[in-house]
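Sequence lines set the chain letters: A, B, ... in the order given, protein chains first and strands last, and positions in each chain run from 1.
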Number of protein chains: 2
Amino acid sequence: MAKLAHDHTAEDCVELVPIFENLSKTDKETIATLVTHHHYKSGEYLFSAGDGADSLIIVAHGQSKVFQMAANGKEQMLRILQTGDFDGEAALFSNSDHNSYAEALMDTAVCQINRQDFQKLMQQTPELAVNMVNALGRRVGQLEQQTTEVTTASVESRLANYLLETSAGLDQAVFTLPLKKKDIATYLGTTPETISRKLTALAKKGMIEKISNNKFKILDADRLMMID
Amino acid sequence: MAKLAHDHTAEDCVELVPIFENLSKTDKETIATLVTHHHYKSGEYLFSAGDGADSLIIVAHGQSKVFQMAANGKEQMLRILQTGDFDGEAALFSNSDHNSYAEALMDTAVCQINRQDFQKLMQQTPELAVNMVNALGRRVGQLEQQTTEVTTASVESRLANYLLETSAGLDQAVFTLPLKKKDIATYLGTTPETISRKLTALAKKGMIEKISNNKFKILDADRLMMID
DNA sequence: CGGAATCTTGAGGCCCGTCAATAACGGTGG
DNA sequence: CCACCGTTATTGACGGGCCTCAAGATTCCG
């Protein structure tokens with residue numbers, strides 16, 4: 001069989017994912033047998049609020065956004081799922097529904113493990129459970145950070161931090177924003193118009209340089225960090 | 001020894017706390033030997049940002065608030081620790097520091113378990129690790145909810161929800177707010193002045209009745225729920 | 001190349017934060 | 001029990017940050 005870009009086997013999934021790290025070879029093989037695969041094209045939904053949540057989802061390849069929809073129709077993005085990330089705390093509890101949506105931002109391959117299988121796995125493999133505890137602990141920390149920033153810092157400050165993090169993650173001075181302005185906006189709890197305005201404001205102050213509408217260069221990281 | 005209000009033994013702690021539920025008697029006894037106790041008076045700090053985080057903290061009795069301090073000096077409350085709640089995802093990782101503060105709102109008794117002991121416990125007792133995964137999963141859900149509300153809903157709406165939740169928790173029509181306005185404010189991501197104003201606004205609209213400055217009665221729960 | 005989606009820019013307004021002064025509360029000690 | 005003082009709450013005036021609405025420019029992708 002030809003090796004294609006979307007050709008992922010169960011073993012790939014298990015190898016890729018941090019929560020399965022440092023498990024024994026036999027454990028990994030067991031897990032591989034329990035995993036099912038799905039592919040989603042850009043724009044398709046991995047799940048929607050109200051869907052029954054009966055499995056843990058792991059992103060093997062690609063990128064998806066997870067967001068909630070408030071009563072007034074506003075979106076709030078909660079996180080971007082990258083390769084190796086998982087979602088499904090909801091899936092851990094019996095009879096719970098998703099309260100958020102996950103939409104593929106590009107073609108995305110995911111692995112799923114059924115709730116019951118996963119619970120059994122954790123019972124049999126304490127290492128796995130400990131890995132989960134660590135991963136969830138990290139996530140709690142991130143969310144606490146996000147909550148605090150969104151309520152205490154100005155949009156300009158949040159945007160500056162976002163730019164710094166993004167460029168650091170991509171590890172290059174000139175970088176392309178990986179998201180549309182609308183998505184950046186819901187991530188930072190604001191609107192596309194405001195993002196647009198603040199970006200030109202930062203450029204005018206000489207902290208960043210605008211190469212194209214979604215390509216930027218950090219000019220003065222120190223000042224970006226100090227925006228109130 | 002006389003039985004005093006603050007007279008809690010290690011067994012009490014283990015019995016009280018959900019994450020130790022459905023463990024075997026011998027497991028619980030083992031845990032009891034690993035636990036140390038501390039008492040804090042109202043206003044004292046259980047820990048502060050920057051402190052080394054080397055143990056998991058469990059509230060055996062009392063109430064404490066956990067909050068972060070933003071760069072500009074603003075507080076953001078993250079949660080209230082009640083009897084049976086624990087904090088310390090930070091404590092799960094080696095060499096990590098607390099990034100938040102915990103202050104006792106009343107006299108509070110806590111149990112602590114050393115990080116290494118707790119990690120070992122989870123390895124030996126998969127049940128415990130699974131309980132932790134469930135507790136952290138629930139917490140992730142709460143935080144996602146808090147993030148979404150704080151960015152998408154108006155202060156009036158957030159306050160209305162807070163009143164509904166609080167009265168539901170206390171299970172009585174007339175209820176006393178368990179927090180000072182300043183604390184409610186940092187919890188909802190606003191200011192005491194705004195809380196004050198919104199409360200009188202809600203009263204003026206006939207949705208609540210103000211009995212005293214911190215005693216209220218819900219008059220129209222349906223309308224409270226529908227505030228945009 | 002053409003249409004749709006995204007982005008930009010402007011004008012206007014409102015929610016809410018800030019500052020400040022007064023009032024109410026709560027605990028303490030005489 | 002009351003006077004006292006620090007903390008907390010209330011109310012007003014004001015301003016600013018950001019959202020909304022709308023129109024035009026640009027980009028994207030088939």
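- A:Leu159 approaches A:Ile195 most closely through the heavy-atom pair CD2-O, 4.1 Å.
- Using a 4.0 Å heavy-atom criterion, one finds that A:Glu156 contacts no nucleic acid atom at all.
- First and last contacts of DNA chain C with chain B, using any nucleotide atom under 4.0 Å from a protein heavy atom and ordered 5' to 3', fall at C:dC16 to C:dC25.
- The distance from atom CG of B:Leu199 to atom P of D:dT10 is 7 Å, rounded to the nearest whole Å.
- As judged by a 4.0 angstrom heavy-atom cut-off over every strand, A:Ser212 is placed among residues making no nucleic acid contact.
- If A:Asn213 and A:Arg158 are placed on DNA chain D by their nearest nucleotide, the residue sitting closer to the 5' end is A:Arg158.
- With rounding to whole Å, B:Leu179 atom CG is found 13 Å from D:dT8 atom P.
- At whole-Å resolution of the value, CG in A:Asn72 and C1' in D:dT20 are 13 Å apart.
- Put simply, A:Thr191 has a side-chain N or O that comes within less than 4.0 Å of OP1 or OP2 on D:dC19.
- Projected onto DNA chain D by closest heavy-atom contact, A:Asn214 and A:Lys74 fall at different nucleotides, the more 5' of which corresponds to A:Lys74.
- The distance from atom CD of B:Glu193 to atom P of D:dT11 is 12 Å, rounded to the nearest whole Å.
- Remark: the backbone N or O of B:Gly189 is not paired with any side-chain donor or acceptor of B:Lys74 at under 3.5 angstrom.
- Salt bridge annotation for B:Glu156-B:Arg197: absent, with no cationic side-chain nitrogen under 4.0 angstrom from a carboxylate oxygen.
- Under the 3.5 Å distance criterion, with hydrogens and angles disregarded, no donor-acceptor pair is assigned to the side chains of A:Gln146 and B:Thr147.
- Classification of A:Glu75 and A:Lys182 as a salt-bridged pair holds, one side-chain N sitting under 4.0 Å from a carboxylate O.
- Classification of A:Asp87 and A:Arg79 as a salt-bridged pair holds, one side-chain N sitting under 4.0 Å from a carboxylate O.
- At least one side-chain nitrogen or oxygen of A:Thr194 sits closer than 4.0 Å to the OP1 or OP2 atom of D:dC19.
- Classified by interplanar angle (parallel below 30°, tilted 30° to 60°, perpendicular above 60°), the ring pair A:Tyr45/A:Tyr101 is perpendicular.
- B:Lys198 has its NZ atom 18 Å from the P atom of D:dA9, to the nearest Å.
- Ranking D:dA13, D:dC18, D:dT20 by closeness to the A:Arg197 side chain, first place goes to D:dT20.
- Distance, A:Leu159 CG to D:dC18 P: 11 Å, rounded to whole Å.
- Taking atom NZ of B:Lys215 as the reference point, atom C1' of D:dT8 lies 18 Å away to the nearest angstrom.
- Rounded to whole Å, atom P of D:dA25 lies 16 Å from atom NZ of A:Lys210.
- OP1 and OP2 of D:dT26 both lie 4.0 Å or more from every side-chain N or O belonging to A:Lys181.
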